[in-house]
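Reviewing the structure listed below.
Protein chains get the first letters and strands the later ones, always in sequence-line order, with residue 1 at the start of each.
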There are 2 protein chains.
Amino acid sequence: MASSVPVVGRSPHIQEKRQRRQAEILRAAMMAFRSRGYHATTLEDIADRLGVRKTALYHYFPDKDAILFACHQQSLSELSGHLAAARRKYAGATARLRHIILEHVRVMTDSGEESPLAFDIPALSSPLQQQVIEARDRYERSLRRIIAEGVRSGEFRPVDPKIAVFVLLGAINWIARWYQPRGSVDPAALGQQFADQLLGGMSCPPQP
Amino acid sequence: MASSVPVVGRSPHIQEKRQRRQAEILRAAMMAFRSRGYHATTLEDIADRLGVRKTALYHYFPDKDAILFACHQQSLSELSGHLAAARRKYAGATARLRHIILEHVRVMTDSGEESPLAFDIPALSSPLQQQVIEARDRYERSLRRIIAEGVRSGEFRPVDPKIAVFVLLGAINWIARWYQPRGSVDPAALGQQFADQLLGGMSCPPQP
DNA sequence: GCAAAATTTGAACGGTGATTCAAATTTTGC
DNA sequence: GCAAAATTTGAATCACCGTTCAAATTTTGC
């Protein structure tokens with residue numbers, strides 16, 4: 001029977017210390033999950049990156065599933081932040097999407113930093129999976145709305161926003177599969193070309 | 001010590017029967033790997049789809065790793081077939097790429113049929129992994145050459161073919177992550193829009 | 001019809017990895 | 001300085017899964 005996680009310490013100092021540790025665990029987990037996938041990553045893999053034994057992780061998270069869930073929450077929170085920033089800073093659909101694409105590509109190419117998970121929602125247990133799916137769906141619907149607005153305003157030709165979002169997210173999330181931080185591809189150029197290609201794909205009339 | 005796989009029967013009938021069984025195993029494995037990923041799929045999962053016990057699989061493949069390898073070989077062989085057909089049937093870069101995109105999307109959306117694996121090359125053991133990586137790299141280089149030819153001929157604007165291939169493959173391979181055979185998306189329309197967007201993204205001048 | 005070959009089975013083994021637990025160590029707060 | 005709280009540790013448990021094996025069953029070929 002799993003023991004409950006200890007009650008958080010009362011003093012602010014202890015609480016902050018605890019939150020820092022949880023953030024460290026999530027950063028290590030994110031990197032490990034991105035590198036090898038959830039199932040192929042062991043708790044020992046994560047603990048090694050922190051210089052502790054795997055049993056220490058249970059002091060901060062009830063189980064492995066909860067670590068994955070927290071990683072997803074963090075990723076989706078970050079992506080939603082990009083969305084909000086795009087709305088604040090830009091008016092047109094093209095400009096907003098360009099910002100979102102550039103930001104998303106940037107975090108996918110940051111070297112070893114916490115960055116959005118792109119896989120393994122199915123690895124989550126049912127109740128947690130449902131929450132992450134809902135948050136992901138909200139993000140996708142927001143992207144669809146931007147694209148639909150672009151179609152209405154004439155910035156984009158009449159594409160199906162649902163399919164268009166899948167094209168966009170697929171291209172970007174796939175970066176986790178092939179991008180090497182020390183590889184030959186310049187991250188800034190990558191972002192630019194991704195944005196040009198993905199936006200161009202919605203702007204131009206179809207080729208014969 | 002692992003026993004070797006029995007020597008293949010002499011009679012053609014037995015050989016054909018064996019090959020059919022191996023194809024069935026690969027089809028079941030492909031579906032299971034696509035659905036849950038290599039690590040989360042058990043041999044029992046695969047065997048259940050065939051109505052046998054998992055130990056029966058060892059009669060046809062030496063181990064789980066070999067099944068994954070054979071799945072990859074099959075996928076890459078199919079993709080190479082698309083490539084060869086594109087060369088035979090079409091002259092221009094755009095037409096060839098359109099064919100390849102449409103075919104790749106088609107197999108990604110076929111309902112439960114064998115279709116190219118898009119993940120888990122890292123799950124393979126080292127010697128097998130190397131072979132699959134080489135085959136995948138050949139496929140990618142072929143795509144890059146088509147794109148480079150399109151840039152030279154003026155069909156495409158000056159994109160980096162390496163990045164362009166990643167955009168393309170990312171968008172298409174991601175289909176395995178979200179596409180539901182009985183979902184609301186029409187497969188033919190999907191292929192068309194993918195082709196229009198991905199080709200359009202290389203043909204048009206960049207948006208401001 | 002029957003021996004041989006092919007195929008499948010149930011049981012078992014060994015290793016892995018998530019998780020628990022009691023003890024040890026470190027940090028905190030007074 | 002010290003008790004309490006927080007954190008980490010090493011050992012152990014348990015369940016699972018890949019794999020092996022001998023036996024049983026089915027199919028083949030004559």
Side-chain angles (χ1 to χ4, degrees), chain A residues 1-25 28-29 32-33 36-71 120 123-125 128, chain B residues 1-25 28-29 32-33 36-71 120 123-125 128:
Chain A
M1 175 71 69
S3 62
S4 59
V5 178
V7 174
V8 171
R10 293 166 176 271
S11 88
H13 169 55
I14 291 297
Q15 285 177 22
E16 284 165 17
K17 188 181 177 188
R18 184 178 173 80
Q19 281 164 3
R20 277 199 304 278
R21 197 51 152 169
Q22 281 176 321
E24 285 171 1
I25 291 171
F33 290 157
R36 308 178 65 176
Y38 177 77
H39 289 287
T41 296
T42 65
L43 290 175
E44 190 165 0
D45 289 334
I46 299 169
D48 284 348
R49 293 170 183 266
L50 299 165
V52 296
R53 299 293 209 228
K54 63 185 174 181
T55 46
L57 304 179
Y58 288 89
H59 189 70
Y60 299 95
F61 292 93
D63 52 32
K64 191 182 181 187
D65 196 44
I67 294 177
L68 179 62
F69 178 69
C71 286
D120 281 339
L124 283 161
S125 65
L128 300 181
Chain B
M1 175 71 68
S3 62
S4 60
V5 179
V7 174
V8 172
R10 292 165 177 268
S11 89
H13 168 57
I14 290 298
Q15 285 178 20
E16 284 165 19
K17 187 181 179 189
R18 183 177 175 82
Q19 282 165 3
R20 276 199 304 279
R21 195 52 151 172
Q22 281 176 321
E24 286 171 0
I25 292 170
F33 291 155
R36 309 177 64 177
Y38 177 77
H39 289 288
T41 296
T42 65
L43 290 174
E44 191 164 0
D45 289 334
I46 299 170
D48 283 348
R49 291 170 184 267
L50 299 165
V52 295
R53 298 296 209 226
K54 62 184 176 180
T55 45
L57 304 180
Y58 288 91
H59 189 70
Y60 300 93
F61 293 93
D63 51 32
K64 190 182 182 188
D65 196 44
I67 294 176
L68 179 62
F69 177 68
C71 285
D120 282 337
L124 283 161
S125 65
L128 301 181

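- Atom CZ in A/Phe61 sits about 17 Å away from atom P in D/dA6, given to the nearest Å.
- Base pairing of C/dG29: its partner is D/dC2, meeting the Watson-Crick or G-U wobble criterion (both donor-acceptor distances under 3.5 Å).
- Both tests pass for A/Lys64 against the ring of A/Tyr38: distance under 6.0 Å to the centre and angle within 45° of the axis.
- Listed nucleotides: C/dT20, D/dT8, C/dT8. Nearest to the side chain of A/Tyr58: C/dT20.
- Of the candidate nucleotides D/dT9, C/dT7, D/dT7, C/dT7 has the atom lying nearest to any side-chain atom of B/His59.
- Applying the 4.0 Å criterion to OP1 and OP2 of C/dT8, one finds that B/Arg21 has a side-chain N or O inside that range.
- Across all their heavy atoms, A/Gln22 and A/Tyr60 have their closest contact at NE2-O, 3.2 Å.
- A donor-acceptor contact shorter than 3.5 Å links the side chain of B/Asp65 to the backbone of B/Ser125.
- In this structure, B/Arg53 does not reach the C/dA11 phosphate: none of its side-chain N or O atoms is under 4.0 Å from OP1 or OP2.
- Rounded to an integer number of Å, the gap from CG of A/Asp65 to P of C/dG17 is 18 Å.
- Of the residues near DNA chain D, B/His13 and B/His39, the one whose nearest nucleotide (by heavy atom distance) lies more toward the 5' end is B/His39.
- Distance CD1 (B/Ile14) to P (C/dA5): 12 Å, rounded to an integer number of Å.
- C/dT8 is paired with D/dA23 under the Watson-Crick or G-U wobble criterion, all donor-acceptor distances under 3.5 Å.
- When rounded to the nearest whole Å, the span between OH of A/Tyr60 and P of C/dT19 equals 18 Å.
- The closest donor-acceptor contact from the side chain of A/Thr41 to the backbone of A/Ala32 lies under 3.5 Å.
- Counting heavy atoms from C-beta outward, A/His39 and B/Arg36 have side chains that stay 4.5 Å or more apart.
- Rounding to the nearest 0.5 Å places CG of B/Leu43 at 6.0 Å from CG of B/Leu57.
- C/dG15: Watson-Crick or G-U partner is D/dC16, with both key distances under 3.5 Å.
- The distance between atom NZ of B/Lys54 and atom C1' of C/dA11, rounded to the nearest whole Å, is 11 Å.
- Between the P atom of D/dT27 and the CZ atom of B/Arg20 lies a distance of 13 Å, rounded to the nearest Å.
- Of the residues near DNA chain D, B/Thr55 and B/Lys17, the one whose nearest nucleotide (by heavy atom distance) lies more toward the 5' end is B/Thr55.
- For B/Arg18 and D/dT27, the CZ to C1' distance is 15 Å, given to the nearest whole Å.
- The CG-C1' distance, from B/Leu57 to D/dC17, rounds to 13 Å in whole Å.
- In this structure, the separation between OG1 on B/Thr42 and NZ on B/Lys54 is 7.5 Å, given to the nearest 0.5 Å.
- Near DNA chain C, meaning a heavy atom under 4.0 Å from it, residues 42-49 of chain A has A/Thr42, A/Leu43 in order of number.
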